[in-house]
Amino acid sequence: MDSDLQRQVVTIHQRLCAEYDCPIPYFHALDPLSELVSSLLSHRTKNRDSGRAFKQLVAQFPTWEAVRDAPTELVEQAIAPCTWPEQKAPRLQQVLRLVGELTNGEWSLDFLKDMSVAEARAWLEALPGVGPKTSAAVLCFSELRGRALPVDSHHHRVAQRLGLISSKMAVGPSHVPLEAFLPAEWDAQQVYDHHEVMMLHGQRCCFYKNPSCDRCVVLDLCPYGQERRKKTQL
């Protein structure tokens, strides 16, 4: 572990927490299976649209077993607000079939709370279509309130520009080094806050196009921002 980079991550975290007012309330409290479904719907989809898709799905089907057994076209219609519903509907039913089998029809992932974070993530990532972002989201965002760090596209972009990870590293592989930078003594709330402030900074300041470097609270720590400022001063 690069101790200098870890200290930098803590400094970045502290400044962004001051900017975005930590601790940040959890945005919802779903059971872990519901969070798994919600996270699968959220892939490459705006939160507003995936939220609508999830609400329509639970309004139309009374149980996850009913979603599993429904005609796929009805599931696709229910989740229409999210991107690629024609792909997500059969994948969701496939995942639910496996969950039903693996839990002996109990339709609950509450047992994950009795596993270590690493074990729980490995169990989840054995399911089709579940990668590190989804497994972390299930543990972090659900009622489990686990100490796992999801990395979305905004978080990833900010981390790359700050030099925490390579500009060539994809979102999936970035979960390991970015989580490794977090101090071992941080609790689940602090890990959640870190995800949220990095995401919020990407949404509100460090835009994909034309980032607002002039008002960035971590500009002095950002190689990308420093280089960009030099170019604008030429």
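Bear in mind that the values here come from a model prediction, so they are computed numbers and not experimental data.
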- request: Given side-chain contact (heavy atoms from CB on, under 4.5 Å), test Val95 with Trp64 step by step and report yes or no.
  value: CA-CA 11 Å; Val95 168; Trp64 296 127; over 6 Å; no
message: Please enumerate all residues that pass side-chain contact (heavy atoms from CB on, under 4.5 Å) together with Val217, with sequence neighbours excluded.
response: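 Arg15, Leu16, Glu19.
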Sequence-distant partners of Pro223, side-chain contact (heavy atoms from CB on, under 4.5 Å), two or more places apart: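 Per chain and number, Pro223 pairs via side-chain contact (heavy atoms from CB on, under 4.5 Å) with no residue.
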Closest approach of [X] and [Y], non-hydrogen atoms and distance?
X      : Y      : answer
Leu98  : Pro128 : CD1-CD, 3.3 Å
Met198 : Ile12  : SD-CG2, 4.2 Å
Gly146 : Ala188 : O-CB, 3.8 Å
Tyr26  : Cys140 : CE2-O, 3.3 Å
Asn210 : Phe207 : O-CD1, 3.5 Å

Short side-chain to backbone donor-acceptor contact, [X] and [Y], under 3.5 Å:
X      : Y      : result
Gln14  : Val9   : no
Ser142 : Val138 : yes
Gln203 : His154 : no
His195 : Leu149 : no
Tyr192 : Pro25  : yes
Ser42  : Ser39  : yes
His201 : Val158 : no

Counting C-beta onward and ignoring hydrogens, is there a side-chain heavy-atom pair between [X] and [Y] closer than 4.5 Å?
X      : Y      : result
Phe54  : Val37  : yes
Leu5   : Phe181 : yes
Thr11  : Val218 : no
Leu127 : Leu36  : yes
Ser166 : Gln160 : no
Pro183 : Val10  : yes
Ser50  : Lys46  : no
Met199 : Glu196 : yes

Roughly how far, to the nearest 0.5 Å, is [atom2] of [Y] from [atom1] of [X]?
X      : Y      : atom1 : atom2 : answer
Leu41  : Leu57  : CG    : CG    : 6.5 Å
Leu144 : Met115 : CG    : CE    : 11.0 Å
Glu35  : Thr134 : CD    : OG1   : 9.5 Å
Tyr224 : Leu162 : OH    : CG    : 11.5 Å
Arg52  : Lys55  : CZ    : NZ    : 10.0 Å
Leu33  : Ser38  : CG    : OG    : 11.0 Å

All pairs passing salt bridge (Lys or Arg N to Asp or Glu O under 4.0 Å) where [range] contributes a residue, at least two apart:
range            : value
residues 141-158 : none
residues 95-123  : Arg121-Glu125, Arg121-Glu179
residues 184-193 : none

task: List in chain and number order the residues that pass disulfide (SG to SG under 2.5 Å) with Cys17, two or more places apart in sequence or in another chain; answer none if no residue qualifies.
output: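 For Cys17 the disulfide (SG to SG under 2.5 Å) partners, ignoring immediate neighbours, are Cys22.
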message: Under the rule for side chain to side chain donor-acceptor pair (under 3.5 Å), what residues qualify as partners of His155, not counting sequence neighbours?
response: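 Scan of His155 (side chain to side chain donor-acceptor pair (under 3.5 Å), adjacent residues dropped) gives none.
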message: According to a hydrophobic-cluster definition based on side-chain heavy atoms being under 4.5 Å apart (Ile, Leu, Val, Met, Phe, Trp, Tyr only), do Leu219 and Leu221 belong together?
response: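 No.
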- request: Please check if Leu102 and Leu139 belong to a single hydrophobic cluster, counting links between Ile, Leu, Val, Met, Phe, Trp and Tyr side chain heavy atoms closer than 4.5 Å.
  value: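 Result: yes, single cluster for both.
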What donor-acceptor contacts under 3.5 angstrom involve side-chain atoms of residues 65-83, with partners at least two apart or in another chain?
unit_1 : atom_1 : unit_2 : atom_2 : d
Glu65  : OE2    : Arg68  : NH2    : 3.3
Thr72  : OG1    : Gln93  : OE1    : 2.6
Thr83  : OG1    : His43  : O      : 3.2
Thr83  : OG1    : Arg44  : O      : 3.0
Thr83  : OG1    : Thr45  : OG1    : 2.7
Thr83  : OG1    : Lys88  : NZ     : 3.3

Going by ring pair (Phe, Tyr, Trp, His ring centres under 6.0 Å), name the residues that satisfy it together with [X], two or more places apart in sequence or in a different chain.
X      : result
His156 : none
Phe111 : Trp123
Trp186 : His13, His194
Phe27  : Phe141

